[in-house]
A.B. asks: 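Pasting a structure below so you can have a look.
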Amino acid sequence: MSMVDTGMEDEGRGAISLERVFNAVRRRLPLIGAVAALVTVAGVLFSMTLSNRYEGVAVVQIDPRKKTISQVDSVIEDLRGDSASIDSEVEVLSSRAIALQVIDILNLRDDDEFGPRSRIRQIFSVLGLDQYLAQEQPRAAATEMSTTAGRLDRDPNGTRVGKSHPGEVTPERDELAAAFQDRLKVARVRTTLLLEIKFSAADPVKAARIANTIAEVYLANNLANKKQASGFATELLETKLNEMQKRVADAERKAAMFKSDNNIFDSEGNILSEKELARLMEQTVTARNTTAQSKAKYENAQRLAKIDGGTATIAEVLDSNTVRGLKESVSSARKRMAELQTRYGPRHPEMQKVKAEVGEAERQLADEITRQVSNLRNEYVVSERQEMQLRQALTTLKEQEAAAKDANVRLMELQREATTSKQLYEALLTRYKQTSETQDLQLPDARIVEQADTPLFPSSPKRTQIILIAMFAGLGLGIMLALGLEFATPGVSHPDDVERSFEVAHLASVPAMPAASALDPLRAIRLVLAEPRGIFAESVRGIRRELDMRHRSGKSRIIMLASSLPGEGADIIASNLAHHYALTGQRVLLIDGDLRRAPLTRKLAPQRAFGLLDTLVRNQPVESAILHDTASGLYFLPAMSPTPLDSARPELLASRRMAETMHALTEQFDIVIIDAPPLLPVVDARILADYADQIVFVTTWRRTPKQLAKRALHALGYNHEKVAGVVMNSVAQHALEDSYALGTRMSPAAVKPTPRAA
């Protein structure tokens with residue numbers, strides 16, 4: 001039955017295929033099951049040795065809201081609700097400082113569950129070495145006491161500080177704190193402001209108590225940090241206030257001394273000379289305005305007096321009640337005179353009387369206007385004189401002020417410095433009072449949302465998960481072991497390996513010889529006759545079919561069977577193949593070509609007279625050495641006579657006499673099958689390959705190293721083209737079943753030689 005499938009190459013099938021993996025796993029199911037069961041049992045035993053651990057869970061919420069106990073801003077800003085701040089608080093909760101505080105509060109240094117030796121105690125307990133640990137504990141305690149002579153203190157941050165003494169060994173790492181932190185897990189609950197504190201311990205009550213203590217210590221530290229920062233700020237402000245108070249006093253004293261030295265006086269915060277100068281300037285401006293107004297009225301009255309009929313206008317300009325009354329009297333008298341003039345004549349006594357009244361009224365008005373104009377002139381003169389006096393005083397004061405300008409500038413600098421220092425001092429004083437008064441009015445930036453309750457069920461170990469992991473790990477390990485046994489072999493173990501490794505077609509897979517046949521050499525080389533319906537006979541038929549399909553000329557041919565090393569079964573396959581060909585009615589000659597060991601000769605013709613080597617040495621006809629088996633019809637040419645001949649085998653095989661012999665045999669027989677010696681130890685098979693038409697290379701399943709097989713094929717040289725294919729010999733029954741299952745799906749028409757790589 002053919003095992004060559006070039007269609008597999010077309011489908012991209014490699015040396016490792018899913019089907020091959022499946023077959024390897026199926027064949028080794030007992031091994032895989034045993035490994036999986038063993039690892040599962042180990043996982044069960046391991047999970048049973050682990051002690052139960054309980055997990056206490058407390059929940060803390062970060063509170064970023066502003067606290068409104070007082071309206072005064074806090075020294076430390078409240079926590080913000082961003083991711084960076086929350087992640088920072090997670091690290092604070094997991095910090096060594098909090099761990100050390102909790103250890104001291106709960107006195108965990110005396111707890112057997114904690115400490116660097118607790119893990120060693122667990123390991124020794126699992127290994128059953130409790131007695132040894134009990135003997136080592138007093139010794140370790142004595143060593144620790146001898147190496148630690150100083151007393152260990154702890155600073156406010158939780159750092160252990162040792163007082164050094166000669167010979168003291170102070171550890172850089174607190175193993176108890178490290179063990180404590182290993183059991184502590186702090187994580188943010190999704191994207192909320194909640195922080196989950198988990199602590200694992202052997203005692204459920206202890207686990208809950210430690211988780212709650214961690215949350216309380218965190219809140220206490222947060223509040224203490226705020227108070228500490230406020231106290232520190234108060235101390236800084238107090239120190240700065242003392243400095244600023246001295247600075248303000250110095251600045252004011254310098255300003256006062258400077259004013260005293262330079263005769264500078266002030267009133268209501270202003271310098272007296274500056275205040276007087278401002279007053280004179282204001283009076284001068286007022287006087288100048290008054291003079292201008294008086295001058296304008298006087299000049300306007302003079303101008304109107306020179307104009308005829310200007311009296312009425314002057315009266316309007318003067319804006320005097322007396323002038324206004326006189327004008328009304330003149331107007332009334334003139335009105336009455338006009339009325340009487342129309343009624344009486346100009347000489348009427350009444351008319352004379354009215355005219356006298358009008359004249360008197362006009363005279364009085366003119367006198368009053370003259371007096372008012374004279375008053376305007378007097379006012380103008382007085383205003384002008386007063387303005388001149390103010391200007392002279394202002395000029396004098398300006399000259400004095402210019403002389404004291406540098407002193408005033410220096411005084412202003414001193415006053416500004418004193419004012420600035422005083423303002424800063426007042427601001428610091430206000431902040432100091434606010435900080436000192438609100439130091440105790442602090443609230444933490446977090447709160448405990450949920451206290452840890454005593455857990456009812458252990459959180460670890462996850463025994464079910466451990467067992468499942470062990471089971472799947474054992475299953476995976478068993479599968480890996482099965483695949484390793486399948487693929488990590490030195491030789492070829494699958495038809496795909498043959499075609500990929502040697503680039504030669506796979507002819508057949510020959511099963512391992514049955515135990516009964518292996519003990520009987522003669523039965524082994526004639527097994528196709530003894531068991532014609534067996535798997536071995538089917539394999540031989542498959543070899544014959546593949547060879548015939550590769551040689552369709554119908555002429556006689558020489559088929560050589562060879563292997564890399566001795567003991568690979570090439571002689572058994574050659575003998576059975578020859579017997580099978582003989583049963584088909586063809587004239588078949590089997591030649592024992594191993595002129596050194598003669599394996600077939602010793603089994604098939606132990607009583608021969610002479611053989612091939614004798615005919616070559618003594619120049620005898622080869623026909624005289626050929627034996628005939630009447631039962632199968634097979635002709636057999638032994639290798640040599642029982643008497644050893646001292647001759648060079650390779651030279652005889654390469655001689656002209658050998659070539660003539662092989663030519664003569666091809667004319668007498670349809671098929672000549674040569675059992676050649678191994679290719680690598682001796683050169684004989686390489687010489688015999690020159691006479692062969694087809695070469696069958698035999699390799700042992702999973703035993704013949706691939707590199708040696710490749711070297712043997714390469715040793716054929718140009719005769720490599722004659723290699724019809726490879727036969728895997730001694731294949732295990734399960735592998736043979738897989739190969740045959742694969743072969744039943746092949747099409748005979750698809751079987752062709754695999755092309756050799758260039």
A.B. asks: Rounded at 0.5 Å granularity, tell me how far CG in Leu93 sits from CG in Leu184.
C.D. replies: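 Nearest 0.5 Å value for the CG-CG distance: 8.0 Å.
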A.B. asks: Is it true that Arg463 and Asn52 share a donor-acceptor pair across their side chains at a distance under 3.5 Å?
C.D. replies: yes
A.B. asks: Using side-chain heavy atoms (C-beta onward) and a distance below 4.5 Å, is Met471 in contact with Val39?
C.D. replies: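 Not in contact.
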A.B. asks: What is the minimum heavy-atom distance between Pro204 and Thr454, and which atoms define it?
C.D. replies: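 Heavy atoms only, the tightest pair is CB-CG2, 3.8 Å.
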A.B. asks: For Gly43 and Ile466, which heavy atoms make the closest approach, and how far apart are they?
C.D. replies: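 What the structure gives for the nearest pair is O-CG2, 3.9 Å.
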A.B. asks: Measuring only between side-chain heavy atoms, which start at C-beta, is Met728 closer than 4.5 Å to Ser509?
C.D. replies: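 Yes, at least one pair of side-chain atoms sits under 4.5 Å.
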A.B. asks: Excluding sequence neighbours, so at least two apart, what forms side chain to side chain donor-acceptor pair (under 3.5 Å) with Ser200?
C.D. replies: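 Counting only residues at least two positions away or on another chain, Ser200 forms a side chain to side chain donor-acceptor pair (under 3.5 Å) with Arg53.
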A.B. asks: Can you check side chain to side chain contact (heavy atoms under 4.5 Å, CB included) on Phe536 and Ile572, steps first, answer last?
C.D. replies: CA-CA 11 Å; Phe536 185 88; Ile572 296 176; 4.1 Å; yes
A.B. asks: Quick one: does Arg183's side chain get under 4.5 Å of Ile210's, heavy atoms only?
C.D. replies: no
A.B. asks: Does the side chain of Glu503 come within less than 4.5 Å of Lys710's, by heavy atoms?
C.D. replies: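 No, their side chains stay 4.5 Å or more apart.
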A.B. asks: Side chain of Thr192, backbone of Arg188: donor and acceptor closer than 3.5 Å?
C.D. replies: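 Side chain of Thr192 to backbone of Arg188: no pair is present.
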A.B. asks: Once you measure the plane-to-plane angle for Phe502 and Phe697, does it fall in the parallel (<30°), tilted (30-60°) or perpendicular (>60°) bin?
C.D. replies: perpendicular
A.B. asks: Check salt bridge (Lys or Arg N to Asp or Glu O under 4.0 Å) between Lys206 and all other residues, then give those that pass, not counting sequence neighbours.
C.D. replies: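 Partners of Lys206 by the salt bridge (Lys or Arg N to Asp or Glu O under 4.0 Å) criterion, ordered by chain and then number, come out as Asp111, Glu113.
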A.B. asks: Just by distance, do the side chain of Gln181 and the backbone of Ser94 share a donor-acceptor pair under 3.5 Å?
C.D. replies: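 Such a contact is found between Gln181 side chain and Ser94 backbone.
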A.B. asks: Only counting residues at least two apart or in another chain, list the ones meeting side chain to side chain donor-acceptor pair (under 3.5 Å) with Arg711.
C.D. replies: none
A.B. asks: Would you confirm whether Asn729, through its side chain, and Glu568, through its main-chain N or O, come within 3.5 Å as a donor-acceptor pair?
C.D. replies: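 Present.
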A.B. asks: Measuring from atom CD1 of Ile573 to atom OG of Ser563, what distance do you get when rounded to the nearest 0.5 angstrom?
C.D. replies: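 The CD1 atom of Ile573 sits 9.0 Å away from the OG atom of Ser563.
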A.B. asks: Heavy atoms only: give me the nearest Ala99-Phe180 pair and the separation to one decimal.
C.D. replies: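 Heavy-atom minimum between the residues: CB-CD2, 3.5 Å.
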A.B. asks: If only atom types and distance count, is the side chain of Asn212 paired as donor or acceptor with the main-chain N or O of Gln451 below 3.5 Å?
C.D. replies: no
A.B. asks: Write down the atom of Ala208, the atom of Asp453, and the distance for their closest heavy-atom approach.
C.D. replies: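 The pair with the smallest heavy-atom distance is CB-O, 3.6 Å.
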A.B. asks: If we only count heavy atoms from C-beta on, is the Ile32 to Leu475 side-chain gap below 4.5 Å?
C.D. replies: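 Answer yes - side chains close enough.
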A.B. asks: How far does CG of Asp82 sit from OG of Ser88, to the nearest 0.5 angstrom?
C.D. replies: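 Asp82 CG to Ser88 OG: 8.0 Å, rounded to 0.5 Å.
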A.B. asks: Which is it for Ile197 and Val60 under the side chain to side chain contact (heavy atoms under 4.5 Å, CB included) test, yes or no, and what are the steps along the way?
C.D. replies: CA-CA 8 Å; Ile197 304 170; Val60 172; 3.8 Å; yes
A.B. asks: Side-chain contact test, heavy atoms from C-beta onward, threshold under 4.5 Å: evaluate it for Val510 versus Val540 and give yes or no.
C.D. replies: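 The answer is no, as the side chains (C-beta and beyond) never meet within the 4.5 Å cut-off.
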A.B. asks: Looking only at non-hydrogen atoms, find the nearest pair between Leu507 and Gly725 and report the distance.
C.D. replies: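 Closest pair (atom of Leu507, atom of Gly725, distance): CG-CA, 3.5 Å.
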A.B. asks: Rounded to the nearest 0.5 Å, what's the gap from CD1 on Ile448 to CD1 on Ile214? Could you check?
C.D. replies: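 Spacing of CD1 (Ile448) from CD1 (Ile214) equals 11.0 Å.
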A.B. asks: Does any part of the side chain of Asp104, heavy atoms only, come nearer than 4.5 Å to the side chain of Arg109, both counted from C-beta?
C.D. replies: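 In contact.
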A.B. asks: Rounded to the nearest 0.5 Å, how far does OG of Ser564 lie from NZ of Lys706?
C.D. replies: 13.5 Å
A.B. asks: Given Gln101 and Asn221, is the side chain to side chain contact (heavy atoms under 4.5 Å, CB included) satisfied, shown in steps?
C.D. replies: CA-CA 10 Å; Gln101 291 183 44; Asn221 284 356; 3.1 Å; yes
A.B. asks: Return the minimal non-hydrogen interatomic distance between Pro458 and Tyr54, and the atom names on each side.
C.D. replies: N-CE2, 3.4 Å
A.B. asks: Atom CD1 of Ile98 and atom CD of Glu91: how far apart are they, to the nearest 0.5 Å?
C.D. replies: 11.0 Å
A.B. asks: A side-chain contact here means heavy atoms from C-beta on lying under 4.5 Å apart; do Val186 and Tyr218 qualify?
C.D. replies: no
